[in-house]
Amino acid sequence: QVQLVESGGGLVQAGGSLRLACAISRRPFGNYAMGWFRQAPGKEREFVATITWSAGITAYGDSVKGRFTISRDNAKNTVFLQMNSLKSEDTAVYYCAATGSTVLARFQYQYNYWGQGTQVTVSS
């Protein structure tokens with residue numbers, strides 16, 4: 001059973017920073033990509049960032065580009081999302097996900113495993 005567990009969410013003021021972590025219990029595929037998505041109340045789930053496990057190639061959603069950074073620790077099977085210059089519109093539940101795709105994966109249907117989510121609330 002593959003499990004993804006997110007941590008690091010919380011309440012922060014606008015302009016502040018948070019670092020999310022996602023630990024995966026075991027590598028489900030030889031090579032895979034991991035991603036972060038988010039869902040605000042009343043809105044659809046939105047792509048935030050993705051990273052390929054082997055080469056560490058990254059891609060970001062337009063709304064977070066330049067403020068968020070995705071990274072990974074291969075030895076610890078953990079992916080991180082550093083969020084800087086947070087805005088009230090970043091408030092959402094953040095989910096991490098894993099896919100057997102070896103290329104960048106920006107769409108939910110590409111992902112096989114999902115975490116339970118962690119709440120991020122940015123106060124203005």
Side-chain angles (χ1 to χ4, degrees):
Q1 185 81 13
V2 176
Q3 291 185 319
L4 281 69
V5 180
E6 301 99 336
S7 61
L11 175 65
V12 64
Q13 288 189 332
S17 299
L18 278 176
R19 188 192 195 204
L20 305 183
C22 175
I24 186 167
S25 58
R26 64 176 178 85
R27 293 180 60 173
F29 313 103
N31 290 291
Y32 59 104
M34 291 193 72
W36 287 96
F37 290 77
R38 67 186 184 186
Q39 189 166 19
K43 296 188 177 181
E44 294 186 352
R45 194 168 294 188
E46 172 190 22
F47 167 71
V48 175
T50 184
I51 185 167
T52 61
W53 204 258
S54 55
I57 300 172
T58 60
Y60 297 90
D62 289 341
S63 61
V64 306
K65 204 171 293 183
R67 299 187 297 122
F68 290 11
T69 302
I70 188 171
S71 62
R72 85 272 191 246
D73 183 329
N74 291 17
K76 296 182 178 180
N77 282 349
T78 301
V79 66
F80 303 97
L81 185 68
Q82 178 66 44
M83 305 185 295
N84 297 329
S85 302
L86 283 162
K87 306 175 183 179
S88 57
E89 51 262 45
D90 295 317
T91 295
V93 176
Y94 284 71
Y95 299 90
C96 73
T99 172
S101 171
T102 57
V103 298
L104 295 172
R106 298 171 181 264
F107 302 100
Q108 296 181 57
Y109 72 83
Q110 294 178 282
Y111 288 85
N112 306 88
Y113 301 98
W114 291 84
Q116 293 298 308
T118 185
Q119 176 71 47
V120 171
T121 302
V122 183
S123 62
S124 56

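Worth knowing before you read on, the calculation uses all heavy atoms, side chains too, and leaves out hydrogens, waters and symmetry mates. Computed from a predicted structure; not experimentally measured.
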**OP:** Answer yes if the side chains of Ser63 and Glu46 hold a donor-acceptor pair under 3.5 Å, and no otherwise.
**Re:** yes

**OP:** Could you pull out all residues at least two apart from Tyr111 that satisfy side chain to side chain donor-acceptor pair (under 3.5 Å)?
**Re:** Thr50

Original post:
Which residues pass the side chain to side chain contact (heavy atoms under 4.5 Å, CB included) test with Thr121, sequence neighbours left out?
Top reply: Leu11, Thr91, Gln119

Original post:
Leu104, Tyr95: one ILVMFWY side-chain cluster at the under-4.5 Å cut-off?
Top reply: no

Subject >> Residue Gln39 excluded, over 12 heavy atoms near CD under 6.0 Å >> reply: yes

Subject >> Aromatic Phe80 / basic Arg72 pairing, under 6.0 angstrom, 45° off normal >> reply: no

Original post:
When the ring centroid of Phe37 is compared with that of Trp114, is the distance short of 6.0 Å?
Top reply: yes

**OP:** Would you please name every residue forming a side chain to side chain contact (heavy atoms under 4.5 Å, CB included) with Val5, sequence neighbours left out?
**Re:** none

Subject >> Partners meeting ring pair (Phe, Tyr, Trp, His ring centres under 6.0 Å) with Tyr94 (sequence neighbours left out) >> reply: none

**OP:** Could you pull out all residues at least two apart from Asn112 that satisfy side chain to side chain donor-acceptor pair (under 3.5 Å)?
**Re:** none

Subject >> salt bridge (charged side-chain N to carboxylate O under 4.0 Å, His left out) contacts touching residues 88-97 (sequence neighbours left out) >> reply: Arg38-Asp90, Arg67-Asp90

Subject >> Asn84-Ser17 side chain donor-acceptor pair, cut-off 3.5 Å >> reply: yes

**OP:** Could you walk me through whether Thr118 and Leu20 pass the side-chain contact (heavy atoms from CB on, under 4.5 Å) test, one step at a time?
**Re:** CA-CA 8 Å; Thr118 185; Leu20 305 183; 4.0 Å; yes

